[in-house]
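Atom set for the values below is all heavy atoms of this structure, side chains included, hydrogens, waters and symmetry mates excluded.
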2 protein chains.
Amino acid sequence: MSSRADSAAATRRALLDAAAELLDEGGPDAVTLRAVGARAGVSRGAPYGHFPDKEHLLAAVAARSWEAVGEQLDALITDRRRAPAERLEQALSGLMETGRRRPYAYGLMFAAPGADHPEALAAVSRTHDQFLAIVADVIGDKDRAGPIGALLMTSVHGIVAMENSGQLTAEKWHVTGDDLLRMLIARIG
Amino acid sequence: MSSRADSAAATRRALLDAAAELLDEGGPDAVTLRAVGARAGVSRGAPYGHFPDKEHLLAAVAARSWEAVGEQLDALITDRRRAPAERLEQALSGLMETGRRRPYAYGLMFAAPGADHPEALAAVSRTHDQFLAIVADVIGDKDRAGPIGALLMTSVHGIVAMENSGQLTAEKWHVTGDDLLRMLIARIG
DNA sequence: GCAACTCAGATGACAATGTCAAGTGAACCG
DNA sequence: CGGTTCACTTGACATTGTCATCTGAGTTGC
């Protein structure tokens with residue numbers, strides 16, 4: 001049952017869970033190695049048995065968040081009941097919802113993953129590929145999927161980012177993030 | 001000459017300059033109150049005579065950066081030689097260039113300025129208004145300036161943000177940030 | 001022109017944090 | 001069962017933000 005390897009794997013998972021929870025609850029400043037260890041039921045130095053440093057722990061959290069988005073996209077891709085255009089719309093609004101529900105984790109996902117975080121880079125790349133597949137399914141032209149997908153992804157990210165930073169207020173711009181997403185799809189999708 | 005008030009104002013300016021330089025050169029981690037003080041020629045505790053805490057110092061740097069962008073926009077607005085559409089294009093590409101030249105300061109500008117940073121909030125609001133004026137000058141319809149402006153601003157921000165985080169690569173998306181800006185203007189401007 | 005005052009800045013100190021070296025005890029292996 | 005490995009703990013240290021206290025030069029009133 002409690003083999004040493006299993007226990008270590010459970011600890012690693014608990015550390016990632018604890019870090020993600022602390023991030024969601026209190027923002028980046030709340031993610032302290034001591035707090036992470038405490039919530040995971042281990043000591044402050046335990047993370048160093050699983051990650052080289054704090055940055056790598058956070059990169060793993062970011063990778064996990066990307067993979068969660070990737071699973072959402074997978075569910076959309078394999079759901080053949082929906083029309084391609086509807087899948088694309090759901091993919092975009094799903095990303096927006098993630099950004100709203102977990103703003104700090106979202107910020108971490110779109111932070112720069114250094115070259116020494118191959119795990120995070122791979123997770124980002126995989127999910128981007130899934131998104132590109134959804135885009136390509138909507139527009140027949142394969143060559144245009146990349147640029148169109150990039151325009152959609154960057155624009156939606158900009159909407160979410162400015163929403164989360166409080167710089168996209170209805171008073172100033174007379175529009176909501178959801179309105180912008182609709183405008184975007186109408187003009188580009 | 002060296003009255004006490006002038007000296008204090010010079011110190012405050014030197015602190016802001018030092019913080020901005022350190023940010024540009026070494027990223028957020030390099031902006032240490034001790035380093036800021038050293039570069040400004042004062043001691044580590046000197047910033048507390050001008051700012052309540054480090055966060056307010058950074059907010060002041062962000063406000064300054066927004067004001068620099070605002071001056072660019074002002075120059076565009078008062079330059080009556082250019083057509084309105086060209087002014088809008090220059091405004092957007094100017095923002096992109098700022099994001100590329102000073103990625104860390106750009107990130108700070110689009111970070112969340114808490115409600116206890118009225119100086120930064122005002123600077124953001126002023127510059128956004130200037131941008132909206134440029135947009136309104138292009139499209140006659142006054143009611144649509146807000147939404148269209150928001151779509152342009154958020155989208156360009158998303159492009160710059162993903163460029164700076166290394167997630168907008170030509171290999172993956174077969175497009176560059178400049179291409180995306182052109183696509184955006186063609187479809188929305 | 002001088003004494004009292006004000007205030008920008010310097011300095012000492014402290015708590016929190018990331019990080020590492022050394023230690024420990026239980027799982028593992030022969 | 002005895003030695004070994006390894007995940008984890010603990011003690012320690014450098015760095016950093018922050019504050020209380022101190023100091024000296026600029027300022028003010030006479």
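At least one side-chain nitrogen or oxygen of B:T11 sits closer than 4.0 Å to the OP1 or OP2 atom of C:dG9.
Between A:Y48 and A:H56, the gap from one ring centroid to the other reaches at least 6.0 Å.
Residues B:S43 and B:R34 fail the side-chain proximity criterion, which asks for heavy atoms closer than 4.5 Å. Using a 4.5 Å heavy-atom cutoff, the side chains of B:I148 and A:M183 are in contact.
In this structure, B:L22 is not a member of the same hydrophobic cluster as B:M109, with clusters built from ILVMFWY side-chain heavy atoms closer than 4.5 Å.
The distance between atom CZ of A:R12 and atom P of D:dA7, rounded to the nearest whole Å, is 12 Å. Here the P atom of nucleotide D:dG17 and the CG atom of A:D29 are 12 Å apart, to the nearest Å. If you take CD of A:E55 and C1' of C:dT19, they are 14 Å apart, rounded to a whole angstrom. Regarding B:L57, its CG atom lies at a distance of 10 Å from the P atom of D:dT18, rounded to whole Å.
Listed nucleotides D:dG17, D:dC8, C:dG9 differ in distance to B:K54; the shortest reach to its side chain belongs to D:dG17.
Applying the ring pair (Phe, Tyr, Trp, His ring centres under 6.0 Å) test to every pair with at least one member in residues 60-99 of chain B, sequence neighbours left out, gives these pairs: B:W66-B:F110, B:W66-B:H128.
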Report task. Run the numbers on A:D129 and B:K172 for salt bridge (charged side-chain N to carboxylate O under 4.0 Å, His left out), then give the verdict. Result -> CA-CA 8 Å; A:D129 283 338; B:K172 167 73 70 179; 2.6 Å; yes
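Within residues 33-51 of chain B, the residues approaching DNA chain D are B:L33, B:R34, B:R44, B:Y48, by heavy-atom distance under 4.0 Å.
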